[in-house]
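All remarks here apply to the structure that follows.
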Amino acid sequence: MKFGGTSMAGSERIRRVANIVRRQQAAGHEVAVVVSAMAGETDRLVNFCREANPLYDPAEYDVVVASGEQVTSGLLAMTLQALGCKARSWLGWQLPVHTDDSHAKARIEGIDSGALLASMAAGEIAVIPGFQGLSPHGRVTTLGRGGSDTSAVAVAAAIGADRCDIYTDVDGVYTTDPRIVAKARKLKHVTYEEMLELASVGSKVLQTRSVSLAMKEGVRVQVLSSFIDDDAPAADTIPGTMIVSDEELARIQEGLDMERQLITGIAADKNEAKIILTRVPDRPGAVATIFGPLAAANINVDMIIQNVGRDKGETDVTFTVPGADLPRVQALLEAQKEAIGYNRIITDGKVAKVSVVGVGMRSHAGVASTMFRCLADRGINIQAISTSEIKISVLIDEDETELAVRVLHSAYGMDAADEAA
Ligand code: ASP
Ligand code: MG
């Protein structure tokens with residue numbers, strides 16, 4: 001069981017979480033619980049780091065930001081004890097959760113599950129702070145924002161859990177953000193691949209890495225709400241959205257005699273920044289000089305366009321990076337100005353990436369043209385495009401995000417039927 005930041009925000013909510021956990025144990029399950037920091041806490045801690053030193057040491061950043069989860073894990077263990085349950089916390093360094101040493105975005109390399117399994121078998125509820133681990137040099141690491149989901153899936157895989165229930169403030173995965181589109185529908189099932197695309201394009205339900213890990217390890221993940229009444233259906237009845245393999249979904253839909261939807265979901269991501277380098281020499285190796293240093297600095301470049309060459313053997317290169325990395329990227333590129341040989345850097349943080357996702361795309365033509373036509377009809381300009389087998393993404397002006405999502409949701413026939421008055 002994993003509980004997110006809003007579920008852990010304050011004593012009362014932690015008590016609600018403890019009750020949900022206790023009910024699962026009472027139903028006969030052995031339970032490990034992974035928790036996030038209280039909502040807003042990690043942001044608050046990140047701000048302290050920025051104030052202390054804008055070019056902070058990522059190893060020290062990890063020391064600071066890992067503390068939020070330490071607090072909630074201890075509090076949940078205490079609260080469970082107050083309800084008469086046996087419970088204890090297991091910090092990242094105690095299990096340990098082994099990670100590599102890329103501070104602030106570490107990868108889990110393995111979890112020692114022996115002590116954990118023994119304590120669970122003895123009837124103790126294990127409470128594990130998400131997000132944190134231990135580097136090969138014995139230092140605290142964190143997994144990148146939203147990393148508690150990945151902690152939960154990794155723990156589930158390590159202990160061979162039947163299911164990884166991710167409790168959050170929404171009751172499942174929707175076709176799109178219901179705050180943007182009132183007619184968004186809850187999905188009963190979604191495949192790992194679709195979820196991966198939806199997560200990576202900004203549908204904030206799960207951290208991307210947690211989904212790829214679940215896919216790789218075959219962990220069955222359910223997204224469900226922690227804001228439920230005492231008599232709500234138990235997690236075992238699958239009230240949320242199950243994330244399953246392609247094969248499992250095909251089997252389920254065959255059983256229900258249902259046809260595959262063309263599009264499963266639409267996601268929007270405002271945390272992108274666009275960079276244009278003008279008049280880059282149009283010759284072999286030029287692009288490598290741009291992206292080599294960014295890769296070395298661990299910066300993920302997403303969309304890339306090399307514009308049609310200008311006359312004098314020059315071309316403009318446009319690409320996107322996470323908005324938070326923009327200052328660093330700019331500094332790196334300025335330092336490489338001579339080596340790359342560009343003329344000017346133009347940056348724009350006010351862009352958004354909107355993506356339509358669905359495994360049904362594999363077998364249907366016309367999905368992209370519907371998208372482009374629909375946006376054109378609303379006068380929304382497309383600044384960049386990228387595609388995969390099951391996804392089409394466009395980069396647009398941030399101010400037009402909501403409009404784009406809304407019109408696309410109707411265009412693909414995804415709006416829920418109007419409720420009878
Ligand atoms: N507290 C961390 C964050 O906000 C990790 C998590 O909650 O998943 O990113
Ligand atoms: Mg989260």
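Values below: all heavy atoms of this structure, side chains included; hydrogens, waters and symmetry mates excluded. In listed order, ligands and their atoms are each counted from 1.
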Item to complete: Enumerate the atoms of ligand 1 whose separation from the nearest heavy atom of Ser36 is less than 4.0 angstrom.
Response: 6 (C), 7 (O), 8 (O)
Practice prompt. Run the numbers for me: atoms of ligand 1, each under 4.0 Å from some heavy atom of Thr42, listed by number.
Written response: 1 (N), 2 (C), 3 (C), 4 (O)
Discussion item. Within the structure, is a non-hydrogen atom of Gly147 found at a distance of less than 4.0 Å from ligand 1?
Written reply: yes
Worksheet item: When you look at Ser135 and His103, which way does the side-chain hydrogen bond (donor to acceptor under 3.5 Å, both in side chains) test go after all the steps?
Response: CA-CA 8 Å; Ser135 83; His103 284 283; 4.7 Å; no
Discussion item. Would you say Thr99 and Glu109 are linked by a side-chain donor-acceptor pair, where the criterion is simply a distance under 3.5 Å?
Written reply: no
Discussion item. I'd like to check whether Asp149 has a polar contact with ligand 1, where a contact means an N/O of the residue lying under 3.5 Å from an N/O of the ligand.
Written reply: no
Worksheet item: Hey, which atoms in ligand 1 end up nearer than 4.0 Å to a heavy atom of Arg145?
Response: 3 (C), 4 (O), 9 (O)
Practice prompt. Could you tell me whether some N/O pair between Gly146 and ligand 1 is separated by less than 3.5 angstrom?
Written response: yes
Discussion item. Does Ile263 form a side chain to side chain contact (heavy atoms under 4.5 Å, CB included) with Val357? I'd like the steps, not just the answer.
Written reply: CA-CA 6 Å; Ile263 299 299; Val357 173; 5.9 Å; no
Worksheet item: Just which atoms of ligand 1 are under 4.0 Å from any heavy atom in Glu69?
Response: 1 (N), 2 (C), 5 (C), 6 (C), 7 (O)
Practice prompt. Indicate, as side chain, backbone, both or neither, the part of Glu41 found under 4.0 angstrom from ligand 1 when only non-hydrogen atoms are considered.
Written response: neither
Worksheet item: Relative to each other, are the rings of Phe319 and Phe291 parallel, tilted or perpendicular (30° and 60° limits)?
Response: perpendicular
Practice prompt. Show the numbers, then the answer: is there a side-chain hydrogen bond (donor to acceptor under 3.5 Å, both in side chains) between Gln207 and Thr150?
Written response: CA-CA 7 Å; Gln207 197 202 30; Thr150 301; 2.4 Å; yes
Worksheet, complete the sentence: Rounded to the nearest 0.5 Å, the OG atom of Ser7 sits from the CD1 atom of Ile20 at a distance of 7.5 Å
